[in-house]
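Start at 1 and go down the list; that is how both ligands and their atoms are numbered. The model shown is predicted, which means the values in this text are computed figures rather than measured ones.
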Amino acid sequence: MRINFNVPPYTGKEFDYIKECVEAQKICGDGKYTDLDNEWIEKKTGVSKALLTTSCTHATEMAAILAGIKEGDEVIMPSYTFVSTANAFVLRGAKVVFVDIRPDTMNIDENLIEQAITPKTRAIVPVHYAGVGCEMDTIMDIAKKHNLLVIEDAAQGVMATYKGKALGAIGDFGNYSFHETKNYSMGEGGALLIRDEKYVDDAIIIREKGTNRTLYKLGKVDKYSWIMPGSSFLPSDMNAAYLYAQLQMADEINNDRLKSWNAYYEELTPLAEKGLIELPYVPKECVHNAHMFYIKCKDFEEREGLIKYLKANDILPASHYVPLHSSKAGVIYSEFRGEDKYTTKESERLLRLPMYYKLTDSDRNEVITRVKEYYEKNV
Ligand SMILES: Cc1ncc(COP(=O)(O)O)c(C=O)c1O
């Protein structure tokens with residue numbers, strides 16, 4: 001395809017930083033660049049501790065361990081999300097309980113959470129779709145009232161805020177993704193954000209295979225040993241180095257993406273005004289990060305037609321999640337509590353347009369022209 005859906009971010013400094021790790025023979029985890037990335041996240045978000053991980057998937061698994069999720073527990077989340085949001089809890093024996101989304105933001109409907117709570121509920125997992133924050137004040141109030149933990153899936157939320165607070169830093173835990181499809185990348189990677197100091201020591205041990213190796217490296221113990229169940233959740237410093245080159249330029253990357261997002265929005269507004277498509281909605285409490293630009297077609301058939309048309313014109317768009325409750329594993333490990341009024345219907349008509357750092361004006365205009373053309377010719 002001439003215009004791809006995604007191009008991994010690259011700033012130019014990545015190789016220099018990776019070379020430095022290689023030449024210094026410091027390529028395992030928790031080196032200079034991992035520290036720099038953690039500090040950057042802590043400073044940006046205000047959390048007690050950020051720990052770079054091998055993926056957002058693993059950050060969520062760490063959060064599930066720290067939250068003490070166990071067999072028989074229930075965890076509430078939207079079905080319109082990536083498999084990892086659910087897997088992390090299913091791996092611990094919990095049942096995933098889905099509630100419907102809001103059609104305007106595609107985020108969990110905060111007004112449906114309370115009725116899904118039972119004595120078995122332990123946590124709420126809001127997913128900030130497209131880097132647009134969920135209604136966090138309401139969610140935090142519900143969690144407080146029912147003594148539940150909040151684990152924010154902020155895979156797409158780096159640099160985005162809700163009421164001035166960084167996504168991922170509002171709940172008890174937050175999870176970032178630095179996969180190559182995200183605004184800031186290290187190939188595969190993520191981070192666990194910990195709001196409350198009391199979880200930090202255990203998190204450090206869990207991430208280092210359940211050992212106190214970190215204390216050993218700091219010279220605080222003579223030998224390191226097995227302290228509690230854990231796994232290998234820390235990435236190589238070479239990957240961390242790739243990421244740091246981008247975090248250093250986070251504002252520039254964010255502004256570049258916002259420029260594309262705003263141009264899409266403006267240029268496609270006439271189609272929305274004619275009632276042909278719907279455009280994304282950003283609540284006034286939220287500052288988004290242009291992670292994604294999507295439109296909503298009338299229905300599934302129209303969307304599939306548009307995908308075909310764009311592909312025929314060398315442009316690669318993308319649909320998104322197939323709701324988890326309708327998947328093979330979802331049928332076994334989850335329950336949709338309440339009515340699926342919007343989850344399936346809205347997911348079937350959503351289409352993501354190419355969006356990445358350094359998307360050129362001419363390529364973006366080409367996408368816009370072809371979308372408009374499709375509606376002129378076909379609708
Ligand atoms: C909402 C959500 N959560 C979690 C993930 C998993 O991220 P990772 O690939 O870093 O494990 C993704 C990946 O796209 C995602 O969209």
Side-chain angles (χ1 to χ4, degrees), residues 5-6 8-9 34 37 41 50-65 75-91 96 98-99 101-102 105-108 123-134 136 139 150-160 162 167-168 170-171 173-193 207 231-236 239-240 242-243 246-247 280 288-294 318-325 327 329-330 334 343 346-347 350 352 355-356:
F5 171 66
N6 175 61
T34 304
D37 293 337
I41 299 168
L51 291 169
L52 208 62
T53 56
T54 29
S55 61
C56 179
T57 301
H58 278 165
T60 316
E61 287 176 26
M62 280 186 69
I65 297 171
V75 178
I76 297 174
M77 64 181 68
S79 172
Y80 187 66
T81 186
F82 192 64
V83 291
S84 302
T85 322
N87 262 332
F89 302 95
V90 169
L91 282 168
V96 169
F98 297 124
V99 298
I101 53 165
R102 294 166 43 151
T105 56
M106 303 298 284
N107 283 337
I108 191 165
I124 307 169
V125 188
V127 179
H128 304 299
Y129 189 67
V132 174
C134 297
M136 287 308 290
I139 293 170
V150 174
I151 299 164
E152 294 176 75
D153 185 330
Q156 304 170 10
V158 184
M159 292 283 281
Y162 166 86
L167 301 188
I170 304 166
F173 303 104
N175 313 316
Y176 281 171
S177 173
F178 297 118
H179 183 260
E180 75 161 29
T181 51
K182 300 303 186 294
N183 295 21
Y184 312 94
S185 177
M186 50 196 275
E188 301 279 353
L192 174 67
L193 280 65
R207 179 168 163 271
S231 192
S232 186
F233 291 124
L234 79 168
S236 154
N239 295 64
Y242 189 97
L243 176 65
Q246 291 156 47
L247 295 183
H288 73 100
N289 57 3
H291 172 60
M292 168 194 316
F293 191 88
Y294 66 78
S319 55
H320 214 177
Y321 313 126
V322 174
L324 295 181
H325 70 283
S327 65
S334 71
T343 301
E346 298 301 303
S347 69
L350 184 144
R352 297 176 294 161
M355 166 62 87
Y356 46 86

For this session: Would you mind running through ligand 1 and noting each atom that sits below 4.0 Å from a heavy atom of Cys56?
Result: 4 (C), 6 (C), 7 (O), 8 (P), 10 (O), 11 (O)

Exercise. Taking the non-hydrogen atoms of Ala59, is any one of them nearer than 4.0 angstrom to ligand 1?
Worked result: no

For this session: Could you tell me whether some N/O pair between Thr181 and ligand 1 is separated by less than 3.5 angstrom?
Result: no

Problem set entry | For atom 5 (C) of ligand 1, the protein heavy atom that lies nearest, with its residue and separation | Phe82 CD2, 3.4 Å

Exercise. Can you find an N/O atom of Thr81 closer than 3.5 Å to an N/O atom of ligand 1?
Worked result: no

Exercise. With atoms numbered from 1 as shown, which atoms in ligand 1 lie under 4.0 angstrom from a non-hydrogen atom of Gly189?
Worked result: 10 (O)

Seminar exercise, completed: Among non-hydrogen protein atoms, atom 10 (O) of ligand 1 lies closest to Ser177 OG, 2.7 Å

Exercise. Does some non-hydrogen atom of Lys182 fall short of 4.0 Å from ligand 1?
Worked result: yes

Exercise. What's the shortest heavy-atom distance between Asn175 and Ala63, and which atoms?
Worked result: OD1-CB, 4.2 Å

Problem set entry | atom 11 (O) of ligand 1: the protein heavy-atom neighbour that sits closest, reported with distance to 0.1 Å | Thr57 OG1, 2.5 Å

Seminar exercise, completed: Quick look: Tyr321 vs ligand 1, heavy-atom contacts under 4.0 Å, and the answer is side chain

Exercise. Where on Asp153 is there a heavy atom closer than 4.0 Å to ligand 1, on the side chain, on the backbone, on both, or on neither?
Worked result: side chain

Exercise. What atoms of ligand 1 come within less than 4.0 Å of a heavy atom belonging to Val127?
Worked result: 1 (C)

For this session: Tell me which part of His58 gets within contact of ligand 1: side chain, backbone, both or neither, using heavy atoms under 4.0 Å.
Result: neither

